[in-house]
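These notes concern the structure reproduced below.
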Number of protein chains: 2
Amino acid sequence: MDVELIAAVRRFNRTVTQRVGALDDGYMARGRPLAQARLLWEIGPDGAEVAALRTRLGLDSGYLSRLLRTLESDGLVTVGPADRAAGDGRVRTATLTAAGRAEWTELDTRSDEFAWSILAPLTASHRGRLVTAMAEVERLLMASMVVVGPCPPADPRARACVRAYARDIARRFDDGYDPALSRPVRDDDLVPPAGVFLLATLDSEPVGCGAVKLHPDAPAEIKRVWVSDTVRGLGLGRRILHELERYAAERGWTAVRLDTNRNLTEAIALYRSAGYREIPPFNDERYAHHWFEKTL
Amino acid sequence: MDVELIAAVRRFNRTVTQRVGALDDGYMARGRPLAQARLLWEIGPDGAEVAALRTRLGLDSGYLSRLLRTLESDGLVTVGPADRAAGDGRVRTATLTAAGRAEWTELDTRSDEFAWSILAPLTASHRGRLVTAMAEVERLLMASMVVVGPCPPADPRARACVRAYARDIARRFDDGYDPALSRPVRDDDLVPPAGVFLLATLDSEPVGCGAVKLHPDAPAEIKRVWVSDTVRGLGLGRRILHELERYAAERGWTAVRLDTNRNLTEAIALYRSAGYREIPPFNDERYAHHWFEKTL
DNA sequence: CCATATACCTGACTTTAGTCAGGCATGTGA
DNA sequence: TCACATGCCTGACTAAAGTCAGGTATATGG
């Protein structure tokens, strides 16, 4: 734990949450209790399902119900059955009335004004610097909120990642990518104790993955390391790779290896900088041009 | 109002205050009401005067009293007369007991842990980037919180600024600075309608100043533009200058002028870039090497 | 069809936060 | 010395936030 860095983060938290956060609430509230204002805001002009609101705002079911009743009796919101045909009959959707939409627009305007009240005192060039730095902080905070953990390869989110991975490489390989021509990976190989599939999530949305297969009497094999481009460039690939290596190392494997395509230049750079050395082919993967190994 | 910039600020506010702010509160509270935890934190290991706590936390006098009673009855705090000899007998100081200090240390540790929980998932280089960007955001937010407004030149904060200004230039001029040798400025000249003294404050602490004297039948004269080095490089000088020009322009003056020393290179650069042109000497100021004028 | 889970709801409740009026002791300017 | 301001306090109050224990209607798996 680096004391300097920690102190800097704490200073930042203090300044930003006290000044920006508190003031923002003030702008939001406009006479109404903050919880109501936030709820109204979160419902938004397109409406939202009650369950979604509950998780997004982290509210108790009963409390949320009561807040909705209040907004309803103020004529700002109507709550009715979800309009999606064949939907779950228990689910209900909250929608803004005309008055509610007007109120929402007012909140939107005030949020704009608040943002502008931060920018207005600055010169144009300082405004630019502030916004750039804010975007950087935001992206890196996002990266730090990513959670990496094991996940069954059959999980829909895992499947979604693998599909995204296949789409990505199909676009980048010289001759496209046909999974049928590639060496197959069975789900069972990526379930402990045979191996593991790691899923990276941001707010429980999948944003990356990676897998390792613990070959008996051979180096472990790393597969399917993929990072969504929404969080690319933030070190997530390295993190996943590191977790996979750790998984293998903790179970007694002393080396990991992998194959990759010559077009995946950032991946290759990542492997090299993570201590991988190029080795002769250890398999007949149709799409591979480079084979790497690392001693753990 | 630039829509792009505003949107960026709003995204930032949303992400950062929701995640960092809310989580931070959680770390702070540890079972205790947030207001109590914050108060305990603010008292700190060295104790604090009740009045200071009131302004720092922005609490109602009665409310703060009650919070202190609660902490007192929990054995965390003692409130006694201010220990400073010959102090104001009404003022009281809150001090942490041993238990209170332990609690404070616990909060401190948790704050460290929280900060580290943000940094930990990142690689070393991303940590560096995050901290750098955070510092930039913090500094620029600070700049945007600076309030510039008229202030009587006899106000202690104004005096403090002018003293700091004199110290600064004494250090930078080739032959030091003796106010007695410089052209005198009378307070009356910097009080409306003769002129104005502007004070820049951050959290009501003075961080800069500037003055303009509205000479009858002559260009207005700008004096004593100074910015504390805690907020230097953030465009505050330009802002003060601009406000002074506006003051003169609004009252019918069509030109402003000023004199300056050759060693104040940033100031000279500021004047030039703000549209000032060098003119022949218009006074016999002992310490001046350059004279500037700007048509409003 | 039944047992069980889930989504949302209501009623009853507690805690926290915050406000307001007034009171006492101390300080300050005339 | 007096009137008035100020710092801190207490009592009485309100509103907001949040919790908990059920209750009803709708799914879901066998």
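Basis for what follows: all heavy atoms, side chains included, without hydrogens, waters or symmetry-related copies. All of these numbers come straight from a predicted model, not from anything done at the bench. Letters A, B, ... are given to chains in the order of the sequence lines, protein chains preceding strands, and every chain is numbered from 1.
In DNA chain D, stems built from 3 or more consecutive Watson-Crick or G-U wobble pairs, each with both distances under 3.5 Å, span C:1-30 with D:1-30.
Using a 4.0 Å cut-off between a side-chain N of Lys or Arg and a carboxylate O of Asp or Glu, Arg54(A) and Asp60(A) do not qualify as a salt bridge. Using a 4.0 Å cut-off between charged side-chain N and carboxylate O, Arg159(B) and Asp187(B) make a salt bridge. Between Glu205(B) and Arg157(B), no side-chain nitrogen of the basic residue sits less than 4.0 Å from a carboxylate oxygen of the acidic one, so the salt-bridge criterion is not met. A salt bridge is absent between Glu113(B) and Arg110(B): the closest approach of a Lys/Arg side-chain nitrogen to an acidic carboxylate oxygen does not fall below 4.0 angstrom.
dC8(D) atom P lies 14 Å from atom CD of Glu72(B), rounded to whole Å. Between the CZ atom of Arg69(B) and the C1' atom of dC9(D) there is a distance of 7 Å, rounded to whole Å. Rounded to an integer number of Å, the gap from CG of Leu59(B) to C1' of dC9(D) is 15 Å. Distance Leu68(B) CG to dG7(D) C1': 13 Å, rounded to the nearest Å. Computed from coordinates, the Asp25(A) CG to dA16(D) C1' distance equals 14 Å when rounded to whole Å. Rounded to whole Å, atom C1' of dA17(C) lies 15 Å from atom CG of Leu71(B). Here the C1' atom of nucleotide dG27(C) and the CZ atom of Arg92(B) are 16 Å apart, to the nearest Å. Atom CG in Leu53(B) sits about 12 Å away from atom C1' in dC8(D), given to the nearest Å.
When each of Pro33(B) and Gly62(B) is assigned the nucleotide of DNA chain C bearing its nearest heavy atom, the one mapping closer to the 5' terminus is Pro33(B). Residue-to-nucleotide proximity on DNA chain D shows that, of Ser61(B) and Arg90(B), the 5′-proximal contact is made by Arg90(B).
Scanning atom types as modelled, no donor and acceptor separated by under 3.5 angstrom connect the side chain of Arg66(B) and the base of dG18(C).
Nearest nucleotide to the side chain of Val91(A), out of dA17(C), dA7(C), dT19(D): dA7(C). For Asp60(B), counting side-chain heavy atoms from C-beta on, the closest listed nucleotide (dC20(C), dC9(C), dC8(C)) is dC20(C).
Within the nucleic acid shown, Leu34(A) comes within 4.0 Å of sugar-phosphate atoms alone, with no base atom in reach, counting heavy atoms only.
Side-chain polar atoms of Thr15(B) and Glu138(A) form a donor-acceptor pair below 3.5 angstrom.
Side-chain atoms of Ser144(A) do not come within 3.5 Å of backbone N or O of Pro121(B) as any donor-acceptor pair. Side chain of Arg10(B) to main chain of Asp108(A): a donor-acceptor pair is present (N/O by atom type, distance under 3.5 Å, no hydrogens or angles).
Within the 4.0 Å cut-off from OP1 or OP2 of dA16(D), not a single side-chain nitrogen or oxygen of Arg32(A) is found.
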